[in-house]
Amino acid sequence: MINPPPSPFVVKDGFVSAFKFMSKKGNVSSIFKLNNNGFWDSCWIVFFVNAVVSTLASYGIKANLDGDIQSGILPRLLLITVIDICLFSILVNTIFEKIGKGEFFYKFIIPFNWIQSFQAVLMLSFAILGLILPPSIFVFFGIGVVIWVTFSLWRIGKEEVGLSGWGATGMIFLSVVIEASLGMFSRSLSMTM
């Protein structure tokens with residue numbers, strides 16, 4: 001059964017936990033809620049953050065195009081977000097079961113989701129501030145955040161779950177491939193419709 005969306009306090013606690021882990025101020029077990037409720041909270045936050053980004057992207061597309069745009073773009077973006085969350089979770093669980101680390105599923109997926117959402121919120125903030133301030137300022141910050149987040153995601157697999165360095169890198173690569181593939185699939189669908 002899917003849990004209801006998290007309260008604002010849970011969202012705040014999740015982002016604080018993500019920042020603490022990224023700042024090396026604790027391990028996953030001590031700062032995240034590693035249970036079924038924590039899993040659904042992390043999935044909801046990925047959905048909400050991507051919904052905000054999709055809405056802003058959809059509005060930006062509409063504002064930049066002269067003429068009519070397909071009205072179904074936002075629902076498609078949200079559906080792709082749901083598919084992305086489900087597909088990545090299923091594949092991670094399957095991989096962990098196959099390599100004998102099934103008990104580490106929550107320990108991996110929950111912080112992974114929160115850290116990715118934290119990155120999306122930071123990058124969205126940079127994009128919004130880039131409308132007011134010179135955007136070149138945020139290029140360096142953006143690159144720094146991407147490196148910091150990627151290293152933090154790698155640490156989850158390597159240090160917390162006990163994967164090899166290449167295994168941890170593979171999990172990040174899997175996430176990127178799923179997102180990119182779904183994005184290209186969505187784009188090809190929008191071109192044909």
Side-chain angles (χ1 to χ4, degrees), residues 1-22 28 31-62 69-96 104-128 142 145-146 148-150 152-153 156-157 160 171-190 193:
M1 184 91 174
I2 298 175
N3 288 6
S7 71
F9 299 108
V10 172
V11 173
K12 178 194 71 84
D13 290 344
F15 282 131
V16 168
S17 296
F19 182 76
K20 282 182 181 177
F21 179 77
M22 292 169 68
V28 166
I31 54 179
F32 287 98
K33 294 177 185 172
L34 302 177
N35 55 31
N36 191 49
N37 291 337
F39 170 71
W40 286 113
D41 290 343
S42 74
C43 290
W44 274 110
I45 198 61
V46 170
F47 177 77
F48 286 142
V49 168
N50 286 341
V52 169
V53 171
S54 297
T55 302
L56 292 174
S58 177
Y59 174 76
I61 290 169
K62 288 182 181 180
I69 190 165
Q70 294 175 359
S71 60
I73 191 168
L74 184 58
R76 263 186 277 155
L77 292 172
L78 296 178
L79 178 61
I80 285 172
T81 297
V82 171
I83 293 169
D84 177 31
I85 294 166
C86 295
L87 184 58
F88 184 66
S89 297
I90 290 167
L91 287 175
V92 167
N93 190 42
T94 302
I95 290 167
F96 279 23
F104 292 107
F105 174 70
Y106 287 150
K107 195 172 188 178
F108 179 83
I109 198 76
I110 292 170
F112 197 95
N113 284 344
W114 279 107
I115 290 171
Q116 280 195 319
S117 297
F118 183 77
Q119 175 191 8
V121 168
L122 281 178
M123 298 305 264
L124 185 60
S125 302
F126 291 164
I128 292 169
V145 167
V146 168
W148 186 32
V149 165
T150 303
S152 297
L153 295 175
I156 296 169
E160 299 292 330
M171 298 309 288
I172 296 169
F173 185 71
L174 176 66
S175 173
V176 170
V177 166
I178 290 171
E179 288 179 26
S181 300
L182 288 173
M184 288 189 297
F185 178 69
S186 168
R187 185 160 176 82
S188 69
L189 277 181
S190 64
M193 293 182 166

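Residues take their numbers from the sequence shown, with the count starting at 1.
For E160, the side chain to side chain contact (heavy atoms under 4.5 Å, CB included) partners two or more places apart in sequence, or in a different chain, are F21, N27, V28, K107. Qualifying side chain to side chain contact (heavy atoms under 4.5 Å, CB included) partners for T150, counting only residues two or more places apart in sequence or in other chains: V146, I172.
Two residues are said to be in side-chain contact when any heavy atoms from C-beta on lie closer than 4.5 Å; I115 and I156 meet this criterion. At a threshold of 4.5 Å between non-hydrogen side-chain atoms, the residues F105 and S89 count as touching.
Not less than 6.0 angstrom separates the ring centroid of Y106 from the ring centroid of F32. Ring centers of F108 and F112: under 6.0 Å apart, within the cut-off.
In this structure, S17 contributes its side chain and I31 its backbone to a donor-acceptor pair below 3.5 Å. In terms of modelled atom types and a separation under 3.5 Å, the side chain of W44 and the main chain of V11 share no donor-acceptor contact.
Side chains of S175 and Q116: a donor on one and an acceptor on the other come within 3.5 Å.
Closest heavy-atom contact between G38 and N35: N-OD1, 2.7 Å. The two residues W148 and M22 come nearest to each other via the heavy atoms NE1-O, 3.0 Å.
Using cut-offs of 30° and 60° on the angle between ring planes, the pair F15 and F118 is tilted.
F48 contributes atom CZ, which lies 11.5 Å from atom SG of C43 (distance to the nearest 0.5 angstrom). From C86, atom SG reaches atom CG of L91 across 11.0 Å, with rounding to the nearest 0.5 Å. From D41, atom CG reaches atom OG of S7 across 8.0 Å, with rounding to the nearest 0.5 Å. Remark: I95 CD1 to I90 CD1 distance equals 12.0 Å, nearest 0.5 Å. Taking CD1 of I45 as the reference point, atom CD1 of I110 lies at 13.5 Å (rounded to 0.5 Å). Distance check, rounded to the nearest 0.5 Å: CG of N93 to CD1 of I109 gives 9.0 Å.
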